[in-house]
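All chains are named by letter (A, B, ...) in the order of the sequence lines, taking the proteins before the strands, and each is independently numbered beginning at 1. Here the structure is a predicted model, which is why all the values come from computation and not from measurement.
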2 protein chains.
Amino acid sequence: MRVSSKAHYGLRMMTEFARAYGTGPLSIAEVARVEHLPLAYLEQLAGQLRRGGLVESTRGVHGGYTLARAPELISVLEVVHTVEGEVSPVECVSSDYVAGSCGRDGECASRGLWLRLKESIDAVLRQTTLAELIHDQSLLAAMAPSDPHPEASHD
Amino acid sequence: MRVSSKAHYGLRMMTEFARAYGTGPLSIAEVARVEHLPLAYLEQLAGQLRRGGLVESTRGVHGGYTLARAPELISVLEVVHTVEGEVSPVECVSSDYVAGSCGRDGECASRGLWLRLKESIDAVLRQTTLAELIHDQSLLAAMAPSDPHPEASHD
DNA sequence: GCTAATTCCGACCGTCATGGTCAGAATTAT
DNA sequence: ATAATTCTGACCATGACGGTCGGAATTAGC
C-alpha cells in the first residue's frame with residue numbers, strides 16, 4: 001500500500017515543471033539537479049508524461065519540457081495514472097477487470113471495501129492539483145506542525 | 001498503490017475465522033479448502049496473525065485458530081497492519097520516519113498530500129470491521145446491483 | 001502408547017516489478 | 001560544427017512477493 005518511487009519522482013518532476021510554467025521549457029537536467037534525482041531515469045519518466053499528454057517537449061539546445069495545461073488543471077491523480085497506471089488496491093476493482101475472472105464473485109466479502117478504498121484514494125489524488133502543491137509549499141513554512149499522527153491509540 | 005495478496009489472503013482468512021467465531025477453533029486446512037488458498041502459505045500468515053495478537057491458536061488434533069476478539073472489535077486496518085506492516089504511501093509519512101532523513105524537509109511540496117492520503121486510507125480501513133465484512137456479504141445477495149460503478153457489469 | 005491431525009518454524013526458491021544505467025540516434029540553437 | 005537537449009531501446013541488479021518443503025512440537029482419540 002505504497003506509492004512507487006516512480007510516481008513520486010514523476011510528481012516531483014511535474015512540480016518543477018509547474019513552477020517553471022510560463023517561463024519557457026525546463027530541461028530534465030535542471031530537474032535532476034534541483035530534485036537530486038537520476039537524470040537517466042527522469043528521461044524515461046518524462047517520456048511517459050509526454051506520451052500521456054501531460055507535458056510537451058522541445059528538443060535541441062534550449063529545449064526541455066512544458067506543462068501541457070496550466071498547473072491548476074492537472075491533478076495528482078492524472079500524474080500518478082500516467083506513470084503508474086490505474087490505482088487499484090486489488091485487481092477486481094480495476095476498470096479493466098473482466099467480470100467473473102475472480103471466481104469468488106458474489107461470495108466475496110470484501111469487494112465493497114476495496115471499492116470504497118479505491119474511491120477514497122482517487123478522491124484525494126483527484127482533488128489535488130499541481131498548483132495547490134506548489135502553493136501549499138509556501139504555506140508549510142507558515143503553519144506549525146501540531147498533530148501529525150494521532151494514531152497508536154486504536155490498534 | 002495496491003494491497004498485497006498477502007494482506008488480501010490474510011483478510012480472507014480472518015473473515016473465515018470471523019464466520020466461525022463462537023464455534024470452536026477453525027483449522028487453516030479448512031480455510032484453505034473453502035477459500036482456495038495454498039495451505040502452506042496460510043500457515044505463515046496465521047503465524048503472523050497470532051503473533052500480532054489477532055487470533056489465538058489451539059494445537060493438536062482438533063486444533064485451529066480463533067479470533068482473539070469479537071469480529072466487531074477487529075478492524076481491517078489491524079489485519080492489514082499485522083500482515084503487511086504500516087500502510088504508508090511514502091516513507092516520510094510512516095510513523096517510524098526519522099525527521100530530516102529525507103533531506104527535502106520543508107522544501108517538500110507533496111508531504112501534505114501524502115499525509116492526507118494516508119489518513120484517508122487508514123480511515124476507510126479502520127472503520128470497517130470483520131463483522132461488517134461478513135454481514136455486508138449477506139446484503140450483497142439481497143441488494144440488486146443497480147448503481148455501484150457501472151464498470152464491467154461487474155461480477 | 002501409538003497414530004493422526006494440527007500448529008509451528010525456519011529455510012529455501014523462482015519470478016517479477018522496480019529502480020536505475022547505458023549507448024547512441026535525432027534534433028536544434030548558437 | 002558543436003554542444004545541449006530530447007528520444008529510444010536495451011540492459012541489469014536487487015528485493016519483495018508468493019509459494020514450497022521438511023520436519024519438529026503438541027494434542028485428541030483409540
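Of the charged side-chain nitrogens involved, at least one lies within less than 4.0 Å of a carboxylate oxygen, so that B:Arg19 and B:Glu16 count as a salt-bridged pair.
The side chain of A:Tyr41 places no N or O atom within less than 4.0 Å of a non-bridging phosphate oxygen (OP1 or OP2) of C:dC22. Side-chain N/O atoms of B:Ser4 include none lying less than 4.0 angstrom from OP1 or OP2 on D:dC17.
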Scoring nucleotides 6-12 of chain C by protein non-hydrogen atoms under 4.0 Å (B base, S sugar-phosphate only, - none) yields BBBB-B-

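Distance A:Gln48 CD to C:dG20 P: 14 Å, rounded to the nearest Å. Rounded to an integer number of Å, the gap from A:His8 NE2 to C:dG20 C1' is 17 Å. Regarding A:Met1, its CE atom lies at a distance of 16 Å from the C1' atom of D:dA16, rounded to whole Å. Rounding to whole angstrom units, CG of residue A:Leu49 and C1' of D:dC7 are separated by 14 Å. Atom pair A:Leu45:CG and C:dG19:P shows a separation of 9 Å (rounding to whole Å applied). A:Leu42 has its CG atom 15 Å from the P atom of C:dC22, to the nearest Å. Rounding to whole angstrom units, CD of residue B:Glu56 and P of D:dT26 are separated by 18 Å. To the nearest angstrom, P of C:dG20 lies 14 Å from CD of A:Glu35.
The closest donor-acceptor contact from the side chain of A:Ser75 to the backbone of A:Glu78 lies under 3.5 Å. Under the 3.5 Å distance criterion, the side-chain polar atoms of B:Arg12 are matched with a main-chain donor or acceptor of B:Glu35. A:Thr128 places no side-chain N or O within donor-acceptor distance of the main-chain N or O of A:Leu125, the cut-off being under 3.5 Å. In this structure, A:Thr15 contributes its side chain and A:Leu11 its backbone to a donor-acceptor pair below 3.5 Å.
If you run side chain to side chain contact (heavy atoms under 4.5 Å, CB included) between B:Ile74 and each of B:Val79, B:Leu133, B:Val55, B:Thr129, only B:Val79 comes through.
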